[in-house]
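Computed from a predicted structure; not experimentally measured. Note on naming: letters A, B, ... go to the chains in the order of the sequence lines (proteins, then strands), and numbering restarts at 1 for each one. Heavy atoms only: backbone and side chains are in, while hydrogens, waters and symmetry mates are out.
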Protein chains: 2
Amino acid sequence: MKPDRIPPEKNLPACPVDRLLRVISGQWTSYLLWVLAQNGPQRFGALQKLVPGISTKVLTERLRMLDAAGLVLREQAATIPPQVTYSLTPRGLELRGLMDDLSIVARRWDAEGWRPPPR
Amino acid sequence: MKPDRIPPEKNLPACPVDRLLRVISGQWTSYLLWVLAQNGPQRFGALQKLVPGISTKVLTERLRMLDAAGLVLREQAATIPPQVTYSLTPRGLELRGLMDDLSIVARRWDAEGWRPPPR
DNA sequence: CGGTATCCCGCTTGATACTG
DNA sequence: CAGTATCAAGCGGGATACCG
């Protein structure tokens with residue numbers, strides 16, 4: 001009955017790196033940011049075409065989350081039919097350098113034959 | 001009954017960036033890599049103290065996964081009691097630059113009052 | 001066009017207990 | 001010391017249907 005773990009001080013590491021990774025690492029999320037960074041502002045339907053396989057539900061969730069996080073701007077034109085455009089905010093653009101470096105490492109490892117371990 | 005999404009070509013973006021993020025972004029994972037990068041090789045028990053709140057089960061899972069991914073080296077001395085030491089591999093060390101840059105951005109945003117959105 | 005609303009299933013995580 | 005075993009809970013994500 002000895003405790004299996006050390007009780008956390010509050011409830012999590014509260015590590016800024018962890019917090020940032022938590023935001024950008026949901027499924028499709030990094031890919032979405034990448035697509036917006038590469039192709040500029042896009043409408044909902046265009047994003048769905050640019051990210052094949054994503055469902056409307058998840059695409060909506062991710063975009064709303066990124067909006068709430070201040071990384072993506074959602075602009076809605078109250079026309080008929082409605083027109084909603086998503087773009088990177090200045091803060092979202094700050095991630096580009098990071099993504100580029102990450103991409104360089106990821107692609108090199110890829111070329112070297114590295115593969116993530118299967119679950 | 002119109003399909004909700006565009007069928008994926010195969011089954012996923014297969015984006016190298018996504019693959020790398022998938023590996024380093026599990027809960028505790030980045031924190032673990034960070035701890036090993038900052039404090040050098042550590043034994044199981046020490047890691048559990050350095051990462052308060054993590055359970056033995058998850059700590060084991062993460063270390064085994066990182067081992068399988070070639071980012072962490074697991075060295076076991078067949079003594080009694082057993083002694084297992086974890087360290088970063090050369091490939092794991094390649095992440096340090098990335099983590100440092102990530103940290104710089106994360107800490108600046110943190111200082112600016114940025115917080116991740118609640119679920 | 002750009003979403004919501006449900007239902008549901010599986011994976012991840014957590015808690016607890018036990019061991020070579 | 002460094003785990004494994006097991007069970008339960010929660011949430012993310014997919015499928016499907018409908019709406020302003």
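The side chain of B:Glu61 approaches C:dT13 more closely than any other nucleotide in the set C:dT13, D:dG3, D:dG14. Taking the side chain of A:Gln27 as heavy atoms from C-beta on, and the options C:dT4, D:dG13, C:dG14, the nearest nucleotide is D:dG13.
With rounding to the nearest 0.5 angstrom, the CZ atom of B:Arg19 is 8.0 Å from the CH2 atom of A:Trp114. Atom CD in A:Gln38 sits 10.0 Å away from atom OH in A:Tyr31 (nearest 0.5 Å). With rounding to the nearest 0.5 Å, the separation of CG in B:Leu47 from CD1 in B:Ile54 is 8.5 Å.
Listed by chain and number, the residues in a side-chain hydrogen bond (donor to acceptor under 3.5 Å, both in side chains) with A:Arg62 are A:Thr29 (sequence neighbours excluded). Applying the ring pair (Phe, Tyr, Trp, His ring centres under 6.0 Å) rule to A:Trp34 yields no partners; only residues at least two apart in sequence or on another chain are considered. Judged as a side-chain hydrogen bond (donor to acceptor under 3.5 Å, both in side chains), and not counting sequence neighbours, A:Glu75 has no contacts.
Contact annotation: A:Arg43 side-chain N/O to C:dG2 OP1/OP2 distance is under 4.0 Å. In this model, the phosphate group of C:dT12 is not approached by any side-chain N or O of B:Arg22 to a distance below 4.0 Å at OP1 or OP2. For B:Arg62 and C:dT13, the shortest distance from a side-chain N or O to OP1 or OP2 is below 4.0 Å. One finds no side-chain N or O of B:Trp28 lying less than 4.0 angstrom from the OP1 or OP2 phosphate oxygen of C:dT12.
Rounding to whole angstrom units, CG of residue A:Leu59 and P of D:dG12 are separated by 17 Å. Atoms CG (B:Asp18) and C1' (D:dG13) sit 15 Å apart, rounded to a whole Å. Taking atom CE on A:Met65 and atom C1' on C:dG3, their separation rounds to 18 Å, with Å as the unit. The distance from atom NZ of A:Lys57 to atom P of D:dT16 is 14 Å, rounded to the nearest whole Å. Atoms CG (A:Leu63) and C1' (C:dC1) sit 14 Å apart, rounded to a whole Å. Separating the CD atom of A:Gln42 from the P atom of C:dG2 is a distance of 11 Å, rounded to the nearest angstrom. Counting to the nearest Å, the P atom of C:dT13 and the OH atom of B:Tyr31 are 17 Å from each other. To the nearest angstrom, P of C:dA15 lies 12 Å from CD of B:Gln48.
Heavy-atom distances under 4.0 Å link DNA chain D to A:Pro82 of residues 73-89 of chain A, given in residue order.
The backbone N or O of B:Gly70 sits less than 3.5 Å from a side-chain atom of B:Thr89, completing a donor-acceptor pair.
Between A:Arg22 and A:Asp18, at least one side-chain N (NZ, or NE/NH1/NH2) sits under 4.0 Å from a carboxylate O, which counts as a salt bridge.
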Residues 77-88 of chain A side chain polar contacts: donor-acceptor under 3.5 Å, at least two apart:
{"from": "A:Thr79", "atom 1": "OG1", "to": "A:Pro81", "atom 2": "O", "distance (Å)": "2.8"}
{"from": "A:Tyr86", "atom 1": "OH", "to": "A:Arg74", "atom 2": "NE", "distance (Å)": "3.2"}

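You'll find a donor-acceptor pair under 3.5 Å spanning the side chain of B:Thr56 and the base of D:dT4, going by distance alone.
Comparing the axis of the opening five pairs of the helix from C:dC1-D:dG20 to C:dG20-D:dC1 with that of the closing five pairs yields an angle of 60°, rounded to 10°.
With a 4.5 Å cut-off on side-chain heavy atoms, B:Ser30 and B:Ile24 do not count as touching.
With DNA chain D read from its 5' end, the first of the two nearest nucleotides for B:Ala46 and A:Val58 is the one closest to B:Ala46.
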